Amino acid sequence: MRGYDEVLVDERVRELAGHLRGPARLKADLLTEARHALLDAAEAYREGGLPTTEAERRAVAEFGTATQLVPGYQAELTAGALRRLAVRALVVAVALMAGGDLTWRGANWRGGPPPEGYQVLSASMNGIWGLVAGLAVAGLLLGFLAARHGSDRLPRLERAVGFGLTGALGLGVLAGSALVAWSIGLWEAALTWPPMIVGTVLVSVGWFALARAARCWLLATR
């Protein structure tokens with residue numbers, strides 16, 4: 001049967017959970033650690049001779065209020081959300097830079113090579129994905145430093161990199177969509193070109209994963 005101590009502890013953990021936003025797994029791990037810490041503290045007080053009720057109340061009180069605890073926990077969740085976004089963005093960016101040209105290799109363009117504007121837009125994609133990859137690496141590096149060195153500047157830098165990465169991904173979506181639409185306009189057979197179909201499916205899966213990670217990070221920064 002659940003004791004009174006667990007009721008008090010669960011109330012504090014639920015209160016804390018209601019204020020936190022971030023990756024579900026990391027959030028669950030943090031809350032589990034908090035609950036175990038509370039129960040261990042309460043048990044120590046009981047072993048020290050305090051009555052059960054007083055031991056639980058003292059453990060919960062000394063652990064801190066939700067207002068006191070949220071900033072630290074939320075900072076860790078925000079950093080975790082940025083790391084997840086950065087990893088996914090880096091994988092997608094590297095894959096697109098490496099395989100983007102393969103989509104059209106062997107294609108028979110109607111009326112000769114595509115216009116200059118199309119070629120400029122196509123060439124710019126590598127620049128956009130290079131920017132995404134660079135920001136993703138910066139996000140991972142900041143996450144590594146934040147886990148080992150406490151600094152007031154690191155959260156601000158993480159926030160700046162996160163917004164920059166999200167913006168670069170948005171630019172990539174717009175430019176990529178425009179390139180695909182223009183490709184179909186220039187070459188109707190693009191809709192049945194196997195590399196194009198496979199590439200579109202893979203990119204769609206990647207963008208879905210990125211969209212979820214970006215949404216999670218944006219919510220964590222609120």
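As the structure is a prediction and not an experimental result, all values here were calculated from the model. Starting from 1, each residue takes its place in the sequence as its number.
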Give, for atom [atom1] of [X] and atom [atom2] of [Y], the distance between the pair rounded to the nearest 0.5 Å.
X: L38; Y: E62; atom1: CG; atom2: CD; result: 11.0 Å
X: T166; Y: L85; atom1: OG1; atom2: CG; result: 5.5 Å
X: I128; Y: L171; atom1: CD1; atom2: CG; result: 4.0 Å

* Test applied, side chain to side chain contact (heavy atoms under 4.5 Å, CB included); reference residue, K27; option that passes from D29, L30, L31 -> L31
* P23 and L77: which non-hydrogen atoms are nearest, and at how many Å? -> CD-O, 3.5 Å
* Structure fact -> In terms of heavy-atom contacts, Y118 and W182 come closest through N-CH2, 3.2 Å
* Ring geometry between F163 and W217 (parallel below 30°, tilted from 30 to 60°, perpendicular above 60°) -> perpendicular
* Run the salt-bridge test on E54 and R57 with the 4.0 Å N-O cut-off and return the result as yes or no. => no
* **Residues which pass salt bridge (Lys or Arg N to Asp or Glu O under 4.0 Å) with R84, listed by chain and number, not counting sequence neighbours** => none
* Who pairs with E33 by salt bridge (Lys or Arg N to Asp or Glu O under 4.0 Å), at least two apart in sequence or on another chain? -> none
* **Any side-chain heavy-atom pair of V70 and T65 under 4.5 Å** => no
* Structure fact -> Sorted by chain and residue number, the side-chain hydrogen bond (donor to acceptor under 3.5 Å, both in side chains) partners of Y73 (sequence neighbours excluded) come out as none
